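Chain naming here is simple, since letters A, B, ... match the order of the sequence lines and numbering starts at 1 in each. Values in this document were obtained by computation on a predicted structure and should not be read as measured data.
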Number of protein chains: 2
Amino acid sequence: MRDEVDGLVEAWRTERPDLDVEPLQVLSRVSRLARHLDRARRTVFTEHGLEPWEFDVLAELRRSGPPYEMSPGRLLRATLVTSGTMTNRIDRLAAADLVRRRPDPADKRGVLVRLSDEGQKRVDAALAALLEYEESILGGMRRADRERLSFLLRSLLSPLDESATHPGS
Amino acid sequence: MRDEVDGLVEAWRTERPDLDVEPLQVLSRVSRLARHLDRARRTVFTEHGLEPWEFDVLAELRRSGPPYEMSPGRLLRATLVTSGTMTNRIDRLAAADLVRRRPDPADKRGVLVRLSDEGQKRVDAALAALLEYEESILGGMRRADRERLSFLLRSLLSPLDESATHPGS
DNA sequence: GGCGACTCTCTTGATATCAAGAGATATGCT
DNA sequence: AGCATATCTCTTGATATCAAGAGAGTCGCC
């Protein structure tokens with residue numbers, strides 16, 4: 001079994017024998033795997049009439065539970081985009097009738113974004129398709145290995161999530 | 001130990017109890033970790049006067065070994081960008097004197113792109129800084145766990161690399 | 001109660017990317 | 001040899017994103 005990263009590491013070891021490139025064995029694989037997943041997700045979502053960014057926003061609303069309604073501000077913080085980007089996204093989602101905007105009765109500065117019935121249908125279908133695809137990627141991996149992998153990845157991710165969530169350092 | 005993905009999975013389990021969202025435990029962590037790594041890489045490279053895309057191109061040349069020279073076509077295939085993007089990148093790298101363009105003596109259609117001395121200095125320094133950062137991320141992880149993680153990630157990545165490298169399916 | 005600082009959404013201008021195609025040279029088949 | 005096809009780099013037009021800031025409304029402190 002061999003992948004692109006084995007070649008990458010080998011090339012660096014030849015060109016930079018003075019450096020310890022061992023961390024690439026783990027972290028380059030994470031990056032490359034994520035790139036493949038992005039491409040595949042785009043394909044899966046396209047089959048369900050959604051762009052990846054559309055899924056991101058709709059899924060955030062869907063996960064929040066009934067009444068599937070949030071402020072743009074909360075949405076942009078959850079999806080890590082800027083306010084200009086979120087305005088643009090909501091405009092296009094509303095034009096496609098996947099969400100609806102209404103004034104926030106409690107704060108006249110604000111609006112609320114609510115998932116439409118069609119939006120919920122689409123995001124529910126897209127999630128099912130995504131999981132089906134992801135299951136096929138994980139394919140033969142045994143349950144014990146999946147859990148081991150989740151555990152190890154969590155140990156890397158958890159400190160990073162901490163520092164991103166509490167940016168006060 | 002808890003991360004954002006634990007919350008994500010919990011929310012989906014509440015809202016979609018009919019679906020098995022277990023694959024997210026592995027693959028959402030891969031995606032989120034990659035996003036953190038991208039941000040951090042940007043920071044590290046900026047400290048060395050390079051954009052991430054500049055590092056990608058310069059590193060590709062550096063890894064190819066002396067004389068650190070490749071065609072734009074080979075570069076764009078290695079970095080997975082389109083030809084228009086690569087032309088733009090080479091323009092800017094040449095303007096910054098990190099690479100030089102010259103006509104290919106063997107093929108009058110083509111040009112060759114060669115790493116300049118300054119380009120090599122920059123990419124060498126940036127790689128060292130990147131590895132230092134990556135080592136700090138891996139921090140306390142034991143060698144045996146790193147190897148286990150590499151092995152499991154390779155088993156996921158290898159089939160995907162195959163299908164991307166040989167697109168004839 | 002009134003004023004200043006803060007928060008929220010949306011707008012503007014600039015940038016990097018991609019998809020599609022143009023123009024020039026090379027290659028192979030008859 | 002000659003012509004069609006393939007290959008290579010670069011150009012064009014459209015799009016999504018971000019950074020910075022504008023305008024409207026809210027909240028707290030004096």
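For the residue pair B:R41/A:S31, the side-chain donor-acceptor check at 3.5 Å is satisfied.
Straight-line distance from the CG atom of B:N88 to the P atom of D:dC10: 11 Å, rounded to whole Å. The CG-P distance, from A:L93 to D:dA16, rounds to 12 Å in whole Å. In this structure, A:R89 atom CZ and D:dA16 atom P are separated by 10 Å, rounded to whole Å. Atom CG of A:D104 and atom C1' of D:dG25 are 12 Å apart (whole Å). Rounding to whole angstrom units, CG of residue B:D91 and P of C:dT17 are separated by 12 Å. One interatomic measurement links the two molecules: CD of A:E51 to C1' of C:dC18, which rounds to 13 Å at whole-angstrom precision. Per the geometry, CG belonging to B:D38 stands 16 Å off P belonging to D:dT17, to the nearest Å. Protein atom CG of B:L76 is 15 Å distant from nucleotide atom C1' of D:dT11, rounded to whole Å.
For D:dA16, the OP1/OP2 oxygens have a side-chain nitrogen or oxygen of A:R92 closer than 4.0 Å. Contact annotation: A:T82 side-chain N/O to D:dC18 OP1/OP2 distance is under 4.0 Å. An OP1 or OP2 oxygen of C:dC10 is reached within less than 4.0 angstrom by a side-chain nitrogen or oxygen of A:R101.
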Show your reasoning for whether salt bridge (Lys or Arg N to Asp or Glu O under 4.0 Å) applies to B:R146 and B:E135. CA-CA 11 Å; B:R146 295 189 191 193; B:E135 180 61 37; 3.0 Å; yes
Kindly determine whether B:D145 and A:R148 satisfy salt bridge (Lys or Arg N to Asp or Glu O under 4.0 Å), including the steps that lead there. CA-CA 10 Å; B:D145 282 339; A:R148 185 100 196 111; 2.9 Å; yes
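Within the structure, no pair that satisfies the ring-ring contact (aromatic ring centres under 6.0 Å, His included) test touches residues 93-117 of chain A, not counting sequence neighbours.
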Give each protein N/O atom lying under 3.5 Å from an N/O atom of nucleotides 20-29 of chain C, with the pair distance.
from: C:dA26; atom 1: OP1; to: B:K108; atom 2: N; distance (Å): 2.9

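Comparing D:dC18, C:dC10, D:dC10 by their nearest atom to the side chain of A:V81 picks out D:dC18.
The side chain to side chain contact (heavy atoms under 4.5 Å, CB included) check on A:R32 picks up A:E4, A:V5, A:L8, B:L157, with sequence neighbours excluded. Not counting sequence neighbours, the partners of A:A11 by the side chain to side chain contact (heavy atoms under 4.5 Å, CB included) test are B:R63. Not counting sequence neighbours, the partners of A:E51 by the side chain to side chain contact (heavy atoms under 4.5 Å, CB included) test are A:R42, A:W53, A:E54.
A 6.0 Å sphere centred on CD of B:E132 holds no more than 12 heavy atoms belonging to other residues, nucleotides or ligands. Heavy atoms of other residues, nucleotides or ligands lying less than 6.0 angstrom from CG of B:D18 number more than 12.
In terms of position along DNA chain D, the nucleotide closest to B:R77 lies nearer the 5' end than the nucleotide closest to the other residue of the pair B:T85 and B:R77.
Scanning residues 54-74 of chain B for heavy-atom distances under 4.0 Å to DNA chain C yields an empty list.
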